[in-house]
Enquirer: 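Here it is, the structure, as structure tokens.
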Amino acid sequence: MNLKRSVRRVAAIAGVALLLASACGGDDDDAAPAQEAVEVAPVQIDGPPLGPLGDSGDPALGQPVPGLAGTATDGTPLAWTPGERPAAIVFLAHWCPACQAEVAELVDWLEAGNELPEGVDFLSVVTLVDSERGNYPPSRWLADEGWPIPALVDSESNEIAAAMGQAGTPFWVFVNGDGTLATRGSSRLPPEVLTEFFDQLLAAGQG
């Protein structure tokens with residue numbers, strides 16, 4: 001699926017939502033132990049998988065999207081639950097040139113003073129990790145790039161990718177306000193297109 005074409009149709013999709021919630025540490029008075037970077041970790045998937053993309057159309061459109069819980073690349077707990085706010089999820093592979101370009105372009109765009117619309121949660125998932133391939137480890141790659149988006153690590157068997165029907169990278173998933181799938185697909189999204197997508201998701205949720 002070409003997500004750039006999907007952007008033009010988003011205004012017709014009712015409310016898109018995903019809840020991103022990061023678990024907190026202890027009280028301010030309690031010094032939290034230093035966290036170590038992680039590349040893969042066990043995950044919890046709450047709900048049935050979406051299944052693969054179809055050859056023509058997406059059979060999972062309108063289906064409930066599973067919630068996720070696990071660990072961020074910085075070693076802190078990270079959980080994601082659909083159903084409250086518009087959101088976008090991007091799946092990234094450290095060895096993927098298109099993913100590297102996607103990350104660098106968005107970071108540069110944000111550092112130039114641009115901003116994504118408020119009211120949309122944005123989660124990234126680090127998947128397909130392979131220590132034998134280039135640009136490893138992904139935690140260092142994202143840290144070196146100054147990637148500001150919360151990054152959840154997939155399991156060794158790539159369970160999150162399988163649950164979301166990931167096909168190719170970067171892979172995008174957008175979810176309706178009621179927790180059902182709005183659209184998904186593999187494509188680079190320039191920041192300007194992503195911004196338009198966010199705007200339309202917010203507008204759809206108000207319609």
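On a predicted model such as this, the values are computed, not experimentally measured, just so you know.
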Enquirer: Can V120 and F197 be said to form a side chain to side chain contact (heavy atoms under 4.5 Å, CB included), step by step?
Expert: CA-CA 10 Å; V120 177; F197 213 156; over 6 Å; no
Enquirer: Can you confirm whether D46 is buried at CG, in the sense that more than 12 heavy atoms of other residues, nucleotides or ligands lie under 6.0 Å from that atom?
Expert: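 Counting neighbours around CG of D46, 12 or fewer heavy atoms of other residues, nucleotides or ligands fall under 6.0 Å, so no.
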Enquirer: Does E192 CD have over 12 foreign heavy atoms under 6.0 Å away?
Expert: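 Yes - once you tally the heavy atoms of other residues, nucleotides and ligands closer than 6.0 Å, there are more than 12.
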Enquirer: Please report the shortest heavy-atom distance between P82 and G67, naming the atom on each side.
Expert: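 Closest approach of P82 to G67, heavy atoms only: CD-CA, 3.8 Å.
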Enquirer: Which heavy atom of R133 sits nearest to which heavy atom of Y136, and what is that distance?
Expert: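 Smallest interatomic distance, heavy atoms only, reads O-CB, 3.6 Å.
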Enquirer: Can you list the residues that meet the side chain to side chain contact (heavy atoms under 4.5 Å, CB included) rule with S155, with sequence neighbours excluded?
Expert: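 Side chain to side chain contact (heavy atoms under 4.5 Å, CB included) list for S155, sorted by chain: V43, S157, E159.
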Enquirer: Hey, could you give me the OG1/CD distance between T169 and Q100, rounded to the nearest 0.5 Å?
Expert: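 These two atoms lie 10.0 Å from each other.
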Enquirer: For the pair H94 and V126, evaluate side chain to side chain contact (heavy atoms under 4.5 Å, CB included) and give the outcome as yes or no after the intermediate values.
Expert: CA-CA 8 Å; H94 62 91; V126 175; 5.7 Å; no
Enquirer: Does T183 form a side chain to side chain contact (heavy atoms under 4.5 Å, CB included) with D58? I'd like the steps, not just the answer.
Expert: CA-CA 8 Å; T183 190; D58 188 343; over 6 Å; no
Enquirer: So, do L92 and P138 sit near enough that their side-chain heavy atoms are less than 4.5 Å apart?
Expert: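 Side-chain contact under 4.5 Å: no.
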Enquirer: Atom CG of L116 and atom CD1 of I149: how far apart are they, to the nearest 0.5 Å?
Expert: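 Result: 6.5 Å between the selected atoms.
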Enquirer: Side-chain contact test, heavy atoms from C-beta onward, threshold under 4.5 Å: evaluate it for L106 versus F122 and give yes or no.
Expert: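 The answer is yes, as the side chains (C-beta and beyond) meet within the 4.5 Å cut-off.
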Enquirer: Can you see which heavy atom on F198 is nearest to which on A88, and at what distance?
Expert: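 Looking at all heavy atoms of both residues, the shortest contact is CE1-CB, 3.7 Å.
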Enquirer: Can you spot which of I160, V90, V153, N158 makes a side chain to side chain contact (heavy atoms under 4.5 Å, CB included) with V125?
Expert: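 Exactly one pass, corresponding to I160.
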Enquirer: Taking all heavy atoms of S186 and all of P170, pick out the closest pair and write down the distance.
Expert: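 Minimum heavy-atom contact is OG-O, 3.2 Å.
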Enquirer: How close do P52 and P59 get, counting heavy atoms only, and between which atoms?
Expert: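 That closest heavy-atom pairing would be O-CG, 3.9 Å.
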Enquirer: Would the distance check show the side chain of Q166 and the main-chain N or O of G168 forming a donor-acceptor pair, the cut-off being under 3.5 Å?
Expert: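 The answer is yes, because a donor-acceptor pair under 3.5 Å joins these two groups.
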Enquirer: Mark yes when over 12 heavy atoms from residues, nucleotides or ligands other than E145 sit less than 6.0 Å from its CD; otherwise mark no.
Expert: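 Atom CD in E145 is packed in, count exceeds 12.
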Enquirer: Taking side chain as C-beta onward, heavy atoms only, is V65 less than 4.5 Å from L50?
Expert: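 In contact.
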Enquirer: Do L78 and L123 have side-chain heavy atoms sitting under 4.5 Å apart?
Expert: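 Side-chain contact under 4.5 Å: yes.
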Enquirer: Honestly curious: do L53 and L61 fall in one hydrophobic cluster under the side-chain, below-4.5 Å linking rule?
Expert: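 Linked within one cluster.
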Enquirer: Within the 4.5 Å heavy-atom criterion, are L68 and M164 side-chain neighbours or not?
Expert: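 Yes, close enough: below the 4.5 Å cut-off.
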Enquirer: Just how far is it from atom CG of N135 to atom CG of D130, taken to the nearest 0.5 Å?
Expert: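 Between N135 CG and D130 CG, I get 12.0 Å after rounding to 0.5 Å.
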Enquirer: Below 4.5 Å, heavy atoms only, C-beta onward: do T127 and F171 meet side chain to side chain?
Expert: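 Answer no - side chains too far apart.
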Enquirer: Hey, what do you get for CG (L152) to OG1 (T76), rounding to the nearest 0.5 Å?
Expert: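 Here the rounded value is 10.0 Å.
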Enquirer: Which distance, rounded to the nearest 0.5 Å, do you find between the CG of D121 and the CH2 of W80?
Expert: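 If I round to the nearest 0.5 Å, the distance is 11.0 Å.
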Enquirer: What distance separates D74 CG from E36 CD, expressed to the nearest 0.5 Å?
Expert: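 If we round to the nearest 0.5 Å, D74:CG and E36:CD are 12.0 Å apart.
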Enquirer: Counting distance only, does the side-chain N/O of T180 pair as donor-acceptor with the main-chain N or O of Q63 below 3.5 Å?
Expert: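 No, T180 side chain to Q63 backbone: no donor-acceptor pair under 3.5 Å.
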Enquirer: Applying side chain to side chain contact (heavy atoms under 4.5 Å, CB included), run through F91 and V173 and close with a yes or a no.
Expert: CA-CA 8 Å; F91 286 75; V173 177; 4.0 Å; yes
Enquirer: Using modelled atom types only, decide if a donor and an acceptor are shared between the side chain of W172 and the backbone of S187 within a distance under 3.5 Å.
Expert: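 A pair under 3.5 Å: yes.
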Enquirer: Mind checking side chain to side chain contact (heavy atoms under 4.5 Å, CB included) for P148 and listing every partner two or more places apart, or none if nothing turns up?
Expert: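 Checked P148 against side chain to side chain contact (heavy atoms under 4.5 Å, CB included); matches are V107, L110.
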Enquirer: If I compare all heavy atoms of N114 with all of W109, which pair ends up nearest, and what's the gap?
Expert: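 N114 and W109 have their closest heavy atoms at ND2-O, 2.8 Å.
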